[in-house]
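Worksheet for the structure shown next.
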Amino acid sequence: MKQLPIIFALFGYDDLAKNIAGQLNYEIGNISLHQFPDDEVVVRINSHVADREVIFVASLDRPNPKILPLLFASQTAKRLGASKITLIAPYLAYMRQDMEFHAGEGISSQYFAKLISNYFDKLITIDPHLHRLHDLNQIYSIPTTVLHATDNISAWIQANIKNRVLIGPDMESVQWVEEIAHKSKSPYLILEKLRKSDTEVEISNPNLDEYRTATPILVDDIISTAMTMVETVRHLKSIKMKSPVCIGVHAVFANNAYQDLINSGVYSIVTCNTIKHPSNKIDVSNIIIGKIHNIG
Ligand code: R5P
């Protein structure tokens, strides 16, 4: 009889792995990463993986220190006879550098996709930053499944904020904002953003007169430096709107970004648990479990 898949958590994603394993009756695998004094790393898999599908759960924010251990984990499972190796990466890194913005730059999203495609047989992720690219399979050569947090975000909004208007800080957010607005039966507006540098953005001044009594809800996929959100909050406050709720799918929060956003005078900050963070209020494990259950 074919054995059920075995699931391994990497980089602290034990809760998500346990949740998936518990619901689907999968075994939780035992894996250790040992770091030598010279920073090299060895992966050890202490569970039986031969002839089984192996699933690794690892969100890929702050990817550089994770990538070699991740690839080594996959190779170790393969060497031990795993029949198929799936990566569940709730946050998929390196999706924003999807073109040569300045002459001579690398196109990191393509190189990262090639690397992951060489080491895994399948990828499952949530709301990757698809803007200029429309499908992960334009750069990934393995089967990919893209899940969306929009139902979970819409349900949270409906349960928590009554009189509201959804605001997308830029055209890249339109795909999330439009759908969440539709699902949560909320009005919405999309602003215009000019990114001046890695840490500086300028937001257009919107006409929000008719929404002055509503709670603005800013929605974006990634909150990284938080400058997009901070500048939008500043504009809303300068035109005397109420303090907004900021919702991000992926709580990257580089350096002091979380504190900067709190200091900008938001009403609250809400994120999905695709990346572990104190702002996580929307659990998205059900969409991963539902998908694996349907295709498993
Ligand atoms: C745009 O490309 C994305 O959808 C987000 O707006 C962006 O990643 C946010 O970045 P930051 O938090 O650094 O302003």
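Atoms within each ligand, like the ligands themselves, are counted from 1 in listed order.
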| remark: Checking heavy atoms under 4.0 Å, the part of Ser224 that sits near ligand 1 is both
| Is the backbone N or O of Tyr13 less than 3.5 Å from a side-chain atom of Ser59, with the two atoms forming a donor-acceptor pair by type? | no
| request: Answer side chain, backbone, both or neither: which part of Thr228 comes under 4.0 Å from ligand 1, heavy atoms only. | output: both
| query | Would one find an N or O of Asp198, backbone or side chain, under 3.5 Å from an N or O of ligand 1? | reply | no
| Which part of Val252 is near ligand 1, with near meaning a heavy atom under 4.0 Å away: side chain, backbone, both or neither? | neither
| note | Rounding to 0.5 Å, atoms CG (Leu87) and CD1 (Ile55) come to a distance of 10.5 Å
| note | Taken to the nearest 0.5 Å, the spacing of Ser186 OG from Gln158 CD works out to 6.5 Å
| Region of His129 that comes within reach of ligand 1 [heavy atoms, distance under 4.0 Å] | side chain
| task | Please check if Leu60 and Val252 belong to a single hydrophobic cluster, counting links between Ile, Leu, Val, Met, Phe, Trp and Tyr side chain heavy atoms closer than 4.5 Å. | result | no
| query | Side chain, backbone, both or neither: which part of Ile222 has a heavy atom under 4.0 Å from ligand 1? | reply | both
| Any idea which atoms of ligand 1 are less than 4.0 Å away from a heavy-atom of Ile223? | 12 (O)
| Expected output: side-chain Asn280 to main-chain Cys272 donor-acceptor under 3.5 Å | yes
| field | Subset of ligand 1 atoms that lie under 4.0 Å from at least one heavy atom of Ala226 | value | 11 (P), 12 (O), 13 (O)
| request: Just say parallel, tilted or perpendicular for the rings of Phe253 and His277, cut-offs at 30° and 60°. | output: parallel
| query | Where's the contact between His131 and ligand 1, heavy-atom distance under 4.0 Å: side chain, backbone, both or neither? | reply | neither
| said: Counting only heavy atoms from other residues, nucleotides and ligands, does the tally under 6.0 Å from CG of Asn255 exceed 12? | reply: no
